[in-house]
Amino acid sequence: MSQELWTKVDEYIDEMLVGEDEALRVARRVSEEAGLPAIAVTPSQGKLLKLMAEMIGARRILEIGTLGGYSTIWMARGLGAGGKLVTLEYEAKHAEVARKNISRAGLDGVVELRLGDARKALPELAKENREPFDLIFIDANKDSTAEYFEWALKICRKGSVIIVDNVIRDGAVVDASSADAGIQGIRKFNEIVKEDKRVHATAIQTVGSKGYDGFTVVRVVG
Ligand code: SAH
Ligand code: DHB
Ligand code: MG
C-alpha cells in the first residue's frame, strides 16, 4: 500500500462520485497559488461533510479553521433553506483568500467568516445566545481540540453532530508520550469524549491523497 495508490484511488473516487465543480476547483487552485498550506480536506472528504449536513438537515453550521474556505463551501452547500454557516479563522491572509473563494461560490449571504483566534471567538459566540449549531466541524490548531470541543458542546443541542478532523496523524495518536502538542490535544479530546455520557462517538481512519489520517464523529445525545 502506498501513497501513490491512495492518491490514484482518490482520483478515481473524485471522478466517479464526488463531482467537484468549478468554484471548488478554483478555490483549491487559488489557495495553492496564494501559498496557503495544502491541508484542506480532500474532495471526497468535502463531499462527505456536505452529505452529513444534508443527512441531519443542518440549518446552522459552525466551522473552526477556515483556511481558504474549501471545506466551508462544501458544507455551506449542504445547508437547508435559510441555512447559515459561521467559520472562524485566525490568519488574515487565509481569511482574505477564503472570502474571495466563498464569494465566487455565491455564498456571501450564507457564510459569515470571523477573523480572529477561535479561543476568543468561541466564548463570544456562546455569549450571543444564538440558535444552536446543528453541525460543528473542528479543524484548526490541534493542540486546542479539547477546548474547542468543550465550547462546541455549549453551543449545540441534543442531536447535533460534531466532526473533528485530523485525529489519527499517521497513527501518532497512539503515542502517549508524544512531544507533539497537537497529538496531546487530540488525546485529551478523546479522554473527554470517553468520559462524557452526553456524547456517542467513533473515529474512522482514512487514507487518500492527503496521506493517512482520520476523523471523529460525535453525536450529542444529552
Ligand atoms: N477546514 C479547512 C482547513 C483548515 S486548516 C479545509 O478543510 O478546507 C486549519 C486552519 O485553522 C488554518 O487556516 C489556520 O490558520 C487556522 N487556525 C489555526 N489556529 C487557529 C485559531 N487559534 N483560531 C482560528 N483559526 C486557527
Ligand atoms: C494540518 C491541519 C489540518 O487541518 C489538516 O487537515 C492536515 C494537516 C496541519 O496543521 O498539519
Ligand atoms: Mg484538517
Side-chain angles (χ1 to χ4, degrees), residues 6-7 9-32 36 38-89 94 97-114 131-140 148 152 155-157 159-167 201-210 213-220:
W6 300 341
T7 300
V9 173
D10 245 351
E11 283 163 7
Y12 173 75
I13 293 168
D14 294 350
E15 188 192 319
M16 298 305 289
L17 306 171
V18 174
E20 193 187 45
D21 74 351
E22 185 65 10
L24 283 161
R25 264 194 298 275
V26 172
R28 278 204 287 133
R29 200 186 62 229
V30 166
S31 300
E32 189 190 336
L36 268 49
I39 56 175
V41 295
T42 63
S44 59
Q45 290 164 350
K47 178 78 173 280
L48 177 63
L49 291 170
K50 175 179 186 270
L51 291 170
M52 296 244 221
E54 290 169 345
M55 287 186 282
I56 65 169
R59 289 182 54 256
R60 295 287 177 265
I61 300 178
L62 173 66
E63 174 177 63
I64 308 173
T66 317
L67 191 65
Y70 184 74
S71 53
T72 317
I73 295 170
W74 272 115
M75 287 191 291
R77 288 176 170 176
L79 280 164
K84 297 274 189 246
L85 184 153
V86 175
T87 185
L88 311 178
E89 175 54 52
H94 298 181
V97 172
R99 284 208 165 98
K100 287 186 189 144
N101 286 333
I102 289 160
S103 199
R104 202 181 296 107
L107 293 165
D108 276 333
V110 174
V111 175
E112 179 192 344
L113 193 165
R114 294 191 179 187
E131 243 185 287
F133 290 99
D134 309 304
L135 176 65
I136 301 181
F137 181 47
I138 301 179
D139 192 23
Y148 294 154
I155 54 179
C156 69
R157 58 172 170 80
S160 294
V161 172
I162 302 170
I163 301 170
V164 182
D165 197 23
N166 313 115
V167 297
T202 190
I204 296 296
Q205 305 184 62
T206 58
V207 294
S209 60
K210 300 262 169 98
D213 211 323
F215 60 91
T216 300
V217 177
V218 179
R219 177 167 166 79
V220 181

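Keep in mind that this is a model prediction, so the values were computed, not measured. For reference, positions follow the sequence shown, starting with 1.
- Side chains of Glu112 and Thr87: a donor-acceptor N/O pair is absent below 3.5 angstrom, by distance only.
- Two residues are said to be in side-chain contact when any heavy atoms from C-beta on lie closer than 4.5 Å; Glu63 and Asp139 fail this criterion.
- At a threshold of 4.0 Å, the pair Lys210-Asp10 does not count as salt-bridged, since none of the basic side-chain nitrogens sits closer than that to a carboxylate oxygen.
- Looking at Leu24 and Pro43, their side chains never come closer than 4.5 Å, going by heavy atoms from C-beta outward.
- The structure places SG of Cys156 at 10.0 Å from CG of Leu62, a figure rounded to the nearest 0.5 Å.
- Side-chain contact between Val161 and Met55 is absent, with no heavy atoms from C-beta onward closer than 4.5 Å.
- Atom CZ of Arg28 and atom OG1 of Thr42 lie 9.0 Å apart (nearest 0.5 Å).
- Two residues are said to be in side-chain contact when any heavy atoms from C-beta on lie closer than 4.5 Å; Ile163 and Ile136 fail this criterion.
- Formation of a donor-acceptor pair under 3.5 Å by the Glu15 side chain with backbone atoms of Tyr12 is not found in this model.
- Side chains of Ile162 and Val220 form a contact here, defined as non-hydrogen atoms less than 4.5 Å apart.
- In terms of modelled atom types and a separation under 3.5 Å, the side chain of Asp165 and the main chain of Phe215 share no donor-acceptor contact.
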Exercise for review: With side-chain contact (heavy atoms from CB on, under 4.5 Å) as the test, would you mind laying out the steps for Phe137 and Ile61 before giving the verdict?
Suggested key: CA-CA 8 Å; Phe137 181 47; Ile61 300 178; 5.7 Å; no
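- A salt bridge is absent between Glu32 and Arg29: the closest approach of a Lys/Arg side-chain nitrogen to an acidic carboxylate oxygen does not fall below 4.0 angstrom.
- You'll find the side chain of Ser31 stays beyond 4.5 Å of the side chain of Leu67, heavy atoms only.
- Evaluated for a side chain to side chain contact (heavy atoms under 4.5 Å, CB included) with Leu113, the options Leu88, Thr66, Leu85, Asp108 yield exactly one hit, Thr66.
- With Asp134 as reference, Arg157 is the one residue of Arg60, Arg157, Lys84 to meet the salt bridge (charged side-chain N to carboxylate O under 4.0 Å, His left out) rule.
- Every residue meeting the salt bridge (charged side-chain N to carboxylate O under 4.0 Å, His left out) condition with Asp213, not counting sequence neighbours, appears here in chain and number order: Arg169.
- Remark: side-chain polar atoms of Glu54 are not paired, donor with acceptor, to backbone N or O of Gly78 under 3.5 angstrom.
- Minimum heavy-atom separation, Gly83 to Val110: O-CG1, 3.7 Å.
- Distance alone, capped at 3.5 Å, is enough to place a donor-acceptor pair between the Ser160 side chain and the Phe133 backbone.
- Taking a cutoff of 4.0 Å between a charged side-chain nitrogen and a carboxylate oxygen, Lys47 and Glu20 do not qualify as a salt bridge.
- In this structure, the separation between OG1 on Thr72 and CZ on Arg99 is 11.5 Å, given to the nearest 0.5 Å.
- Around the CZ atom of Arg104, the shell of radius 6.0 Å holds more than 12 heavy atoms that belong to other residues, nucleotides or ligands.
- Applying side chain to side chain contact (heavy atoms under 4.5 Å, CB included) to Trp74 and the options Val18, Leu51, Leu48 leaves one that passes, Val18.
- Residues Val218 and Thr202 have side chains not in contact (no heavy-atom distance under 4.5 Å, counting atoms from C-beta outward).
- Salt bridge status for Arg59 with Glu131: present, with a side-chain N to carboxylate O gap under 4.0 Å.
- Ser71 has its side chain within reach of Leu49: a pair of non-hydrogen atoms, C-beta onward, lies under 4.5 Å apart.
- Shown here for Thr7 and Ser209, the closest heavy-atom pair between the two residues is OG1-CA, 3.7 Å.
- Here the shortest heavy-atom pairing between Gly68 and Asn101 reads O-ND2, 2.8 Å.
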